[in-house]
Every structure is written in C-alpha cells, then in structure tokens.
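The structure under discussion appears below in the form of structure tokens.
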Amino acid sequence: MKRIEMPAGLPGPVVLLSHRAPVAFRRTDGERTARRGAGGLVTALTDLATQLDDVRWVCAAGGSEDVAVAEEHEGTSVPVVLSDEPRVAEGDTGDDPVVPLRLVDVPSEQHDRFYGEIANPILWFIQHGLYGVWSSPDLGDDEHRAFDEGYVPVNLAFADAVADEVEAAGGTALVMLHDYHFYLVADRVRERCPDALISQFIHIPWPGPDAWRVLPPSMRDRLVRGLLGCDVVAFHTEGSARNFLTTVQELLGLRVDLDAMSVEVDGRTVRARAYPISIDVAGLRDLAESPAVARKAEDLEESLAGEDDQLILRVDRTDPSKNIVRGFQAFGLMLEDHPELAGKVRFLALLQPSRQDVPDYAAYLGQIGAEVARINAQYDDLAFEPVDLRLVQDLPLAVAAYSLCDVLIVNAVADGMNLVAKEAAVVNRNDGVLVLSENTGSHQELGEHAVTVYPFDIRQQADALYEALTMPRDERRAKLAAAAAVVERNDIAAWFSAQLADLAPGDG
Ligand code: GDG
C-alpha cells in the first residue's frame, strides 16, 4: 500500500478495534503456528497499523490457541510481528513491524449470542433491508436475551479493552472503531476516556429511521446512543451518513444539522461523514501478475470452450444481500430471450459459503444450488453447462477470473461499498463490462462507467446482461479504462488519509 499521510496534531497512539484479528494462532502437531487473518478490511488495517509508529489493536481471540497466547501475556497486549510470516515477537525482530495486539476473549455462549444472533442476523438484515416484515423478524425471549446477555456485555468487554489501552497511553489517543459489531463501544470509551478522539467506520449501509423501528426502543435507542459517543461516525456514502443523522433525529429526538452533517450531544459535536473505501491497487496488480494467478488463468482459459465464447462472472459470499438467486434467474431469462447465446456464454460463479450457522444463510445456499440446477437442466444438450458454480475460497482464482471475464455482475440488494467491482475494474484485461447494482456504494463512483441494474427487476437485469455482452468493443474499452481510473484515484491509502485529515485538529 502507498504511504499514508499522517496529519500533524493527531493525538497518539492510534487504538484500532475490529472484530477480526490480523493473525490467527493454531496448534498443529504440538507446534504453535500463525497465519494472517483473512478478509479485505483486516488486510487494509494491517497495512495501516504497520505504517504507524504508535498503534495498538484490539480484536477478538478467535480460537483456543489465540486464547492461550493471550493468557501467556496475562490478558495484556501481545507484541506480534505482522509480516507474511506472523509470529509473537521475541528478541530482535529487525525491520519487521511489531504491533501490540490485545486479543479479547469472551465466554463462547456470550459471543455466539452477540455474533450469531444479533450482529449477523439482525443488524445485518436491518441494515441491508432484507426483512420481509410481514413475517420476520420475530423478537422473542431468545432475541432479547441475545441482546442483553450477548451484544451488550460483549460490547462492554471490548470497550473496556479499548479504554484500558487508551488509559495506558495516558488518556489521549485516536480511537478507530470498526463496524456493526460494536455500536455500544464508543460511549463507554468516552465515559472512561473523555479526552480520546473517537471515530467509528460502519462498513454496511445505514438505512433510514423507519427501518430501525423493527427493533424496540430498548434496543434501537441504545445502539444509536452508543454511536453518539464518537466524534466522527463514518460510512461509505453520503446517503448512509444522512440516514444516520435522520435516525438520530427521529428516534432520539435530537436536532441535527444536515448542512453541517452533525449533531450536538452533551455539549459535544458528533459529525457524520462519508469516505468511500477502496483497494490497494498496486498490491492487487502484483497479485494479478503472480505465478499463482497465471496458473489459475490458464486453467480457466482451457475450460472455456471456443474463441468467441464469453464469460460472465460473479464473486461473492453466499449472502442474501448479494442477490445471487435473482442474478441467476436473470441469466436464465436472458438465455430464453436469446437462445443463440446458449452454448456461447458461460456464467462462472465463485461463491464463498458464508455464515452457515445462521439458518437464513444455510437456506439461501440451498436456493442458489436449486436455481443453478434448474438452469443447467434446461440446457443439458450443450457441450458445457451454462452456469459453472464453484463454492470455493480461492483468491488467486477470483483474480484470474476478474482478469478474463467479459462481464462482471454485482447485483446486490444493498451493499455498503462492494470491493469486487473495484478489484475487477483494475485487473481486467478483456475490456470487461461492469453490470452494477444501483444499491451498492461503488455505484456512486463507478455507475457512469457501468451498466446499471435494479436488483429486484429480473427482466431489467436480463436485458442489462444482454446489453453488456453485446456492447461494442470500443465502448467496453472506454468504460473499463474510466472505471479503473476512478479506483486508481481513490485507493485505500486515500481512504485512510481522508479520515485522518478530518480527525486532525482544526477541521470541523
Ligand atoms: C463488507 C461490506 C464493503 C473474494 N473471493 C475471495 C476473497 N474475496 C475478497 C474480494 C473482496 C472481498 O472478498 C469481498 O468484499 P466486498 O466488499 O465485495 O463484500 P463484503 O465481504 O460483504 O464486505 C462491503 C466491505 O465490507 C469493505 O468495507 O465493501 O459493502 O459488505 O476483497 O477480493 N478473499 C479470499 N478468498 C476468496 O476466494 N481470501
């Protein structure tokens, strides 16, 4: 990643909080091993953390070996080398960056309630508009218990770990909290550390106030109040930032200023801001040129039948918010409309099974398989199946497919940003066309260089796929170049720098 500009005057150190850890310890054949944590956010935060002179990182202990490491350090921070070969730092570590990690362990039953019953199903569903409220959710004793005995105490445990780190640094720090798991952290940290500068980045959409009325005031007011402990509450889009402030106004009755995008709370100003997240362009291009990706690309090219054949791609977690089933339905409809394309177009879906402990997610994966089987059965006389569904976790394969595809479809019902669209734009070398949902954050930056889709309209998505597949080469090339330029301008370093600049004294 490019260097991040640190503006003058920020209080040190930086204290980061994310649910996922940048390293996962395991015990294999009696030996302790460690590997880097998965996921784009953790990778980006690792790049940030390793550039900062004074940083501490609070995150969840993910397994028993993480807990063992934390216990060996008596619950205090563990110095960890965050390189390609991560390890607990011992002795002289040379130039390798060492980051103190505070691995927070909470009782597993509490954690399951916090994560598997509130954050992932309920908050995720509300914030992506996934409920059909005539039938769900039903909030009964289990959900109330999950909130009171899971989400609340787990948030307080993480808040106390963050506050301990701030206090250990003398009470002033820049605290950067991440995501929907931790809505109750900021006001607790504020209580204990009134001089800390606190921001929270929310990576998923923030809907308007009415969406939050799915929850009773005892839950929703508490969540919103918790966030008001921040100095800055940050989102991917202006729309989410505005929705946050109108939620504050409608649910809590506070007067907000939509021109200044702020609200006064207990004599403090809380700002709502938008910073569209992006990717490490150079890092991704390096990966795209690696032997591992080249091998995957060769395999893929071999599996594509003829010279003129075209490839539609999607890369997603099997999350209902990604709208995978409607995407297949649209593809099926397009083939019915244009039978001449059957046997010429393949739809490669690289899907990572996600959150299979949540019943709606398990059912969704079943629906995906059924829809693919339905379409493929209609064309069983072709040389290849129209839909090539692969349930895999294989980043080199995904990047190889980004580089080769003719069309990338991202038709999410709602998506905070969607990094897949940005990644494909910078590594595609086939004048690929982006078919992009209007409900993604990335549509705000890339929409004019994409074919827009309306995620509930299957007819329109079928027509959009056809338009993308038949678009003249020149137009394809121009759109892709323009999309790539947008991503290059606003890369991940720019995302961090903009936030840090706004947090520095004098802004506001
Ligand atoms: C949340 C928000 C927001 C893909 N296949 C593999 C793999 N990937 C990587 C992609 C990409 C990431 O996963 C997916 O990122 P998205 O942004 O598309 O989606 P979410 O997971 O839902 O992320 C989203 C994001 O947070 C950041 O703020 O954009 O709106 O929902 O980077 O390359 N990674 C690995 N193996 C794969 O097979 N390891």
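Remember, it's 1-based here, ligands and their atoms both numbered in the order they're listed.
Checked by atom type, the side-chain pair Q460/Y454 shows no donor-acceptor distance below 3.5 Å. Remark: the Y361 side chain and the D319 side chain contain an N/O donor-acceptor pair separated by less than 3.5 Å. No hydrogens or angles considered: nothing links the side chains of N439 and S437 as a donor-acceptor pair under 3.5 Å.
The side-chain tip of R355 points at the ring of W124 from less than 6.0 angstrom away and within 45° of straight on.
Ring centers of W495 and F201: under 6.0 Å apart, within the cut-off. Between H111 and Y151, the gap from one ring centroid to the other reaches at least 6.0 Å.
Surrounding CZ of R242 are at most 12 heavy atoms belonging to other residues, nucleotides or ligands under 6.0 Å away. Applying the 6.0 Å contact sphere to CZ of R20 captures no more than 12 heavy atoms from other residues, nucleotides or ligands.
Against a heavy-atom cut-off of under 4.0 Å, H236 is close to the following atoms of ligand 1: 3 (C), 28 (O). Residue-ligand proximity, D394 to ligand 1, at heavy-atom distances under 4.0 Å covers atoms 36 (N), 37 (C), 38 (O). If you number the atoms of ligand 1 from 1 as listed, the ones under 4.0 Å from a heavy atom of Q393 come out as 35 (C), 36 (N), 37 (C), 38 (O), 39 (N). Atoms of ligand 1 lying under 4.0 Å from at least one heavy atom of E423, given by number and element, are 10 (C), 11 (C), 32 (O), 33 (O). The contact set between ligand 1 and V420, taken as ligand atoms under 4.0 Å from a residue heavy atom, comprises 18 (O). Applying the 4.0 Å criterion to heavy atoms of V315 picks out, from ligand 1, the atoms 4 (C), 5 (N). Below 4.0 Å from some heavy atom of W124 lie the following atoms of ligand 1, by number and element: 31 (O). Heavy-atom contacts of K322 reach the following atoms of ligand 1: 18 (O), 19 (O), 20 (P), 22 (O) (cutoff under 4.0 Å).
Considering backbone and side-chain N/O of A398, none are found under 3.5 Å from N/O of ligand 1. Geometrically, ligand 1 and G416 share a nitrogen or oxygen pair separated by less than 3.5 Å.
The shortest heavy-atom distance from I277 to ligand 1 is under 4.0 Å.
Checked options I118, L251, L184; the residue passing with L223 is L184 (criterion: side-chain contact (heavy atoms from CB on, under 4.5 Å)). The only option from W57, Y115, F182 that meets the ring pair (Phe, Tyr, Trp, His ring centres under 6.0 Å) definition with F158 turns out to be F182. Just one residue in the list H236, M417, R489 forms a side-chain contact (heavy atoms from CB on, under 4.5 Å) with E445, and that residue is M417.
Atom 1 (C) of ligand 1 lies below 4.0 Å from none of the non-hydrogen atoms of the protein. Remark: atom 4 (C) of ligand 1 lies closer than 4.0 Å to at least one protein heavy atom. For atom 13 (O) of ligand 1, the nearest protein heavy atom lies 4.0 Å away or farther. In this structure, atom 31 (O) of ligand 1 is in close contact with the protein, since a protein heavy atom lies within 4.0 Å of it.
For atom 26 (O) of ligand 1, the closest heavy atom belonging to the protein is H203 CB, 4.0 Å. Atom 22 (O) of ligand 1 has R317 NH2, 2.9 Å as its closest protein atom, hydrogens excluded (heavy atom only). Looking only at heavy atoms of the protein, atom 25 (C) of ligand 1 is closest to L419 CD1, 4.4 Å. Protein heavy atom at the shortest distance from atom 24 (C) of ligand 1 is D415 OD1, 3.4 Å.
A donor-acceptor pair is defined here as one N or O able to donate and one able to accept, closer than 3.5 Å; such a pair exists between the side chain of R87 and the backbone of E85. Remark: the backbone N or O of K322 is not paired with any side-chain donor or acceptor of D316 at under 3.5 angstrom.
Contact annotation: for L395 versus ligand 1, heavy atoms closer than 4.0 Å belong to both the backbone and the side chain. Contact annotation for Y402 and ligand 1: only side-chain heavy atoms (C-beta onward) come within less than 4.0 Å of the ligand.
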